[in-house]
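For reference, the structure discussed in these notes is given below.
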Amino acid sequence: MRTFEYGGIRFSHWTENRFRLDGGAMFGVVPRVLWERVYPPDDKNRIALSTNLLIAQAPAFTALVDTGIGNKISDKNRSIYALEGPGMPAGFPLPLDAVDIVVLTHLHFDHCGGSTVEAEPGSKTYLPTFPNARYFVQRTEYEDATDPTERSRASYWEENFVPLHDQNRLTLLEGDGTIYPGIRVIVTGGHTRGHQIVLFDTREGPVAFMADFIPTTRHIPIPYIMAYDLYPVDSLKARKRLYPVMAQERWLLVFEHDDEPKQGFLEQESDDRFRFVPF
Ligand SMILES: [Zn+2]
């Protein structure tokens, strides 16, 4: 975990779990001879990733962005994804009832699996992990997650989000906007139709959680888009629109899936080239 103060808000970038995915799938059309230099794979062609979540503690709120993989995962999936940890809520660095706001960037299991827990071990009844929190996600994301296609179905596990909706704990957002004073969302689409990034406005400028828009610091080059993205051309267009703004307004970017928690800025080198500057 890395903890830092920035513009009057205390941030904790906390590793919920570690897992592995196929390196080729993570880099899409980029050939291995290019990506293996920046992200060396293991002997099964997999790269080491983590779920690095963001906690923001301000005078008016305690917010969490994404909830990781959680602890409801089957042994089969544990071994497919080479999970290392027990998952949320184990090790969460605050009391669970201290969290007021949970923003979900989208509803894939590695982003919202920690949102619910079993009411009793082995039961099929699920409760919100954070008893006092309101959860937020885009309406389009909820619609797609509850009506998945053959291609998206494997990542949408309804026990992670339907109980939140049924128990009236989930607010469905309609596009970009402020969800609470100082907390904004921007829909990027691309990875999924309703994928959003989350911004905290601080006195020093925005701190922005990238989720799967830029999953790791090694995905910053504009064409380095995951094969998992359902709408990769939309990802590309969103990058071309947002990267210059991120660089000019000096957003502090927080990345979710590097093997260790990473934060930093984008510096524009030319029209379509951006450099990572660690924080
Ligand atoms: Zn992800």
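Whatever order the structure lists ligands and atoms in, that order sets their numbers, starting from 1.
For Asp110, the N, O or S atom closest to the Zn ion (ligand 1) goes by the atom name OD2.
Ion pairing of Arg2 with Glu260 is absent here, as no side-chain N (NZ or NE/NH1/NH2) approaches a carboxylate O to less than 4.0 Å. Residues Asp258 and Arg218 are paired through a salt bridge, judged by an N-O separation under 4.0 Å between the basic side chain and the carboxylate. Between Arg153 and Glu158 there is no salt bridge, since no side-chain nitrogen of the basic residue lies less than 4.0 Å from a carboxylate oxygen of the acidic one.
To the nearest 10 degrees, the angle centred on the Zn ion (ligand 1) between OD1 in Asp212 and NE2 in His111 reads 100°.
The Zn ion (ligand 1) lies under 2.8 Å from an N, O or S atom belonging to His257.
Geometrically, Arg169 does not engage Tyr135 in a cation-pi contact, judged by NZ or CZ lying under 6.0 Å from the ring centre and within 45° of the ring axis.
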